[in-house]
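Have a look at the structure below before the remarks.
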Amino acid sequence: MTLPQCATPPTPQETAELRERYRIERERRVRPDGAAQYRSTTAEFGYFAADPYAGEVAEREPLRDVVDVAVVGGGFGGILAGARMRQQGLEKVRVIEQGGDFGGTWYWNRYPGIHCDIESHVYLPMLDETGYVPEWKYAPGDEIRRHAVRIAERFNLYEDALFSTAVTALAWDGGAHQWVVTTDRGDEFRATYVVTATGTLSEPKLPGIPGIEDFKGHTFHTSRWDYGYTGGGPDGGMTGLADKRVGVVGTGATGVQAIPELAEDARQLYVFQRTPSAVDVRGNRRMTPQDIGADRPGWAHERRENFLRIVSGEDAERDLVADRWTESAALLEKLLPSFRRDGEPDFEAAYEAADHATMNEIRDRVAAEVTDPATAEALKPWYRYACKRPTFSDLYLPAFNRDNVTLVDTAETHGIERMTERGVVVGGVEYEIDCLVFATGFSVGVSGVTSGKLPVTGRDGLQLLDALSRFGPRTLHGFTSAGFPNLIQLGPMQNASSVNFSHILDEQAAHAAALVAAAEKADAVLEPTPEAVDAWRATCAQGSPDHEWFHAECTPGYYNREGRGRPNGPNSYPHGAVAFHELLRRWREENVGEVLRKKG
């Protein structure tokens with residue numbers, strides 16, 4: 001791992017002063033209620049999660065049939081699982097999705113300005129298989145959604161798919177060696193295998209602002225953008241806001257993209273900020289197939305693997321993507337444990353110096369682009385690079401130079417104080433608005449299974465959520481669990497992750513499909529032994545890096561449970577995604593029989 005070099009390393013006094021500044025800024029933003037400051041989009045706030053894109057949902061008869069594989073979730077995880085199952089020869093593959101079409105987070109998120117923050121040529125999966133070459137280095141959301149549809153069409157996933165449908169329960173029938181799948185539309189069908197791909201960004205969250213229910217103006221969440229109210233589309237042109245005073249809550253990745261578009265179209269825009277994002281250079285541009293070597297077979301796989309190696313701290317002959325992710329990759333060490341320190345005795349000092357240099361560059365960029373000194377100061381991020389996911393934009397900072405844009409810093413009051421019928425109160429000042437947009441993101445890591453919305457009953461009545469609550473994650477490689485035959489879970493639990501999660505999901509989907517193929521060939525049931533699960537838990541615990549101290553000092557956010565810290569533990573593979581994917585490949589070749597049990 002190569003750390004960015006500092007032109008002039010900070011002195012001990014400079015380091016001490018910056019640490020103290022970080023501590024002070026953190027304390028201004030930490031709230032005693034932690035993650036409880038947010039409300040879910042359920043009960044009286046359920047309308048925030050309604051689907052504005054599906055139109056009128058057609059009535060249909062409940063299903064009572066049998067499929068080979070039921071895939072819960074129609075985002076990239078579910079699409080890729082379905083596609084890889086098709087490649088293994090499975091015929092009856094049914095994807096069940098709450099939205100009106102495939103796409104997952106890209107179905108829901110259609111806010112103005114939306115793009116991916118990972119280069120499209122490594123983020124979009126199955127480019128080699130579909131022959132598609134993205135036009136832009138960072139693709140807009142609609143292009144990503146269309147590519148999700150492209151994969152689903154290419155692998156005939158629409159044939160048995162169920163949209164605008166939520167799975168309400170999964171129950172194992174040991175006598176038939178099948179899962180009974182029930183839904184909110186009266187379905188009760190059976191599946192030999194179930195894959196849960198409900199995602200980590202599927203549950204919108206709202207700030208628990210006192211008086212939020214009293215506001216008489218218009219409100220919506222960015223994942224359910226109301227173009228009927230704003231007019232326009234993802235490319236802007238929101239003429240409905242020409243005479244409106246608009247407020248935005250949230251300045252993370254979504255806010256950074258949507259705020260410049262709102263600034264362009266609203267009469268007045270108030271940006272309510274608790275913690276500023278680290279906003280780095282975007283540099284989006286068109287790219288020809290020749291620019292990326294797309295005229296060669298396997299070009300996308302090569303580029304994607306190259307990006308994964310670099311952002312995981314592995315050696316690579318050259319950097320094919322060459323963006324700010326790869327340039328600052330070594331600073332991800334506190335998020336991705338695969339980075340090797342190579343026995344460097346002074347690693348932490350060098351890491352901190354490189355971190356300070358990078359964050360100083362980001363703060364200097366704010367000062368250079370925002371003309372009002374007070375606004376610029378409020379927009380500067382005072383925390384370590386790996387405390388929050390970095391954002392990228394060439395439009396966000398200049399938006400605050402517009403006369404119709406006002407930044408309202410809420411750090412002194414630890415967020416918005418309250419809402420009234422007419423607007424938002426911060427520091428005793430009421431900001432009257434016509435519309436409030438919640439760019440407050442999702443409950444990260446929360447799925448139907450972990451929230452209890454999707455009860456899973458395994459062998460002998462064992463409840464999956466109860467087992468998770470009592471014992472923590474107990475899986476083999478993060479996919480299968482003792483007591484839950486033929487159930488495969490996709491997601492971040494007890495495996496390896498990366499900033500490019502679509503790549504991770506594709507590797508997981510390929511592994512899931514290989515497991516099913518092995519079980520079909522052996523006419524067996526997929527289920528690890530308790531001993532195999534215990535051994536994997538021990539593997540995840542051994543060598544797990546101690547990053548708890550780092551995140552305990554971070555500004556509050558979803559990385560550290562809103563300031564509560566990020567405990568160490570056996571929740572991920574400690575040697576990173578590159579090593580994990582190689583481990584899975586070897587295991588499939590040599591030891592897949594460990595999870596194959598005779599039926600009976």
Side-chain angles (χ1 to χ4, degrees), residues 2-10 14-15 17-26 28-29 113 115 117-119 137-138 250-260 271 273-284 310-311 321-336 350-401 405 407 409 411 439 499 550-551 553-560:
T2 303
L3 288 164
Q5 296 299 306
C6 302
T8 304
E14 289 171 333
T15 297
E17 290 174 350
L18 195 52
R19 287 177 181 173
E20 178 63 9
R21 179 66 186 273
Y22 286 175
R23 186 193 67 79
I24 292 172
E25 295 292 340
R26 178 187 186 277
R28 293 175 67 211
R29 294 169 171 86
H115 286 69
D117 65 0
I118 303 293
E119 191 199 64
K137 188 171 179 68
Y138 302 99
T251 54
T254 296
V256 165
Q257 295 187 101
I259 284 167
V271 178
Q273 169 194 276
R274 184 181 64 168
T275 306
S277 282
V279 185
D280 214 331
V281 174
R282 164 67 80 182
N284 200 10
I310 292 173
V311 297
V321 172
D323 65 359
R324 288 294 285 171
W325 276 115
T326 57
E327 185 178 335
S328 304
L331 297 180
L332 301 173
E333 185 265 348
K334 293 297 184 289
L335 292 176
L336 304 172
Y351 179 87
E352 186 173 20
D355 187 295
H356 289 180
T358 297
M359 291 304 290
N360 281 335
E361 286 180 12
I362 289 172
R363 288 187 286 265
D364 288 345
R365 183 178 182 230
V366 176
E369 295 200 15
V370 179
T371 55
D372 177 64
T375 301
E377 190 60 29
L379 285 166
K380 291 179 181 178
W382 295 99
Y383 47 80
R384 301 279 290 269
Y385 187 82
C387 284
K388 296 176 76 70
R389 187 177 176 106
T391 65
F392 307 87
S393 176
D394 300 327
L395 304 174
Y396 180 72
L397 296 175
F400 291 93
N401 295 329
V405 178
L407 178 68
D409 188 11
V499 297
F550 178 90
H551 293 285
E553 296 175 357
C554 278
T555 194
Y558 66 80
Y559 278 174
N560 68 351

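Just so we're clear, the structure is a prediction, and the values are computed from it rather than from any experiment.
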Here the gap from Cys387 atom SG to Phe550 atom CZ, rounded to the nearest 0.5 Å, amounts to 4.5 Å
For Ala367 against Ala376, the heavy-atom pair lying closest together: CA-CB, 4.4 Å
Residues at least two apart in sequence or cross-chain that pass side-chain contact (heavy atoms from CB on, under 4.5 Å) with Arg365, listed by chain then number, are Val279, Val281, Glu369, Asp394, Leu397
4.5 Å side-chain heavy-atom contact, Trp325 and Leu332: yes
Check Ser328 against Thr358 and note the closest heavy-atom contact, atom names and distance. OG-CG2, 4.3 Å
Considering residues at least two apart in sequence or located in another chain, which fulfil the side-chain contact (heavy atoms from CB on, under 4.5 Å) criterion with Asp280? Arg324, Ile362, Phe392
Minimum heavy-atom distance between Tyr559 and Leu335, given as atom pair plus value: CE1-CD1, 3.5 Å
Answer whether the closest heavy-atom distance between the side chains of His356 and Glu352 falls below 4.5 Å. yes
Donor-acceptor contact present, side-chain Thr391 to main-chain Ala278, <3.5 Å: yes
Could you check if a side-chain atom of Lys334 sits within less than 4.5 angstrom of a side-chain atom of Tyr351, using non-hydrogen atoms only? yes
Counterpart residues, side-chain hydrogen bond (donor to acceptor under 3.5 Å, both in side chains), relative to Lys380 (two or more places apart): Glu377
Taking C-beta and beyond as the side chain, do Thr275 and Thr251 meet within less than 4.5 Å on heavy atoms? no
Would you check if Arg363 and Pro381 make a side-chain contact, meaning some heavy-atom pair closer than 4.5 Å? yes
If we only count heavy atoms from C-beta on, is the Phe400 to Thr371 side-chain gap below 4.5 Å? no
Asn284: what forms a side-chain contact (heavy atoms from CB on, under 4.5 Å) with it, not counting sequence neighbours? His115, Trp136, Lys137, Tyr138, Arg282
Is there side-chain contact between Asp364 and Met359, with at least one heavy-atom pair below 4.5 Å? no
Using every non-hydrogen atom in the two residues, find where Ala329 and Val311 come nearest and quote the distance to one decimal. CB-CA, 3.9 Å
So the ring pair (Phe, Tyr, Trp, His ring centres under 6.0 Å) pairs with at least one residue in residues 363-391 (sequence neighbours excluded) are none
Taking side-chain contact (heavy atoms from CB on, under 4.5 Å) as the test, write out the residues that go with Glu14, two or more places apart. Pro10, Thr11
So, using side-chain hydrogen bond (donor to acceptor under 3.5 Å, both in side chains) as the criterion, who are the partners of Thr15 when residues are at least two apart? none
Residues at least two apart in sequence or cross-chain that pass side-chain hydrogen bond (donor to acceptor under 3.5 Å, both in side chains) with Arg26, listed by chain then number, are none
Mind running salt bridge (Lys or Arg N to Asp or Glu O under 4.0 Å) on Glu17 and Arg21 for me, showing each step along the way? CA-CA 6 Å; Glu17 290 174 350; Arg21 179 66 186 273; over 6 Å; no
Which residues pass the salt bridge (charged side-chain N to carboxylate O under 4.0 Å, His left out) test with Asp117, not counting sequence neighbours? Arg389
Please report the closest heavy-atom contact between Leu407 and Ala378, naming both atoms and the distance. CD2-CB, 3.7 Å
For Thr555, the option from Arg28, Arg23, Arg29, Arg274 that meets side-chain contact (heavy atoms from CB on, under 4.5 Å): Arg29
For Asp409, the side-chain hydrogen bond (donor to acceptor under 3.5 Å, both in side chains) test, sequence neighbours excluded, returns none
Salt-bridge contact Arg384-Glu553 (side-chain N to carboxylate O under 4.0 Å): no
Looking at every heavy atom in both Thr254 and Ala439, which two are closest together, and how far apart are they? CG2-CB, 4.1 Å
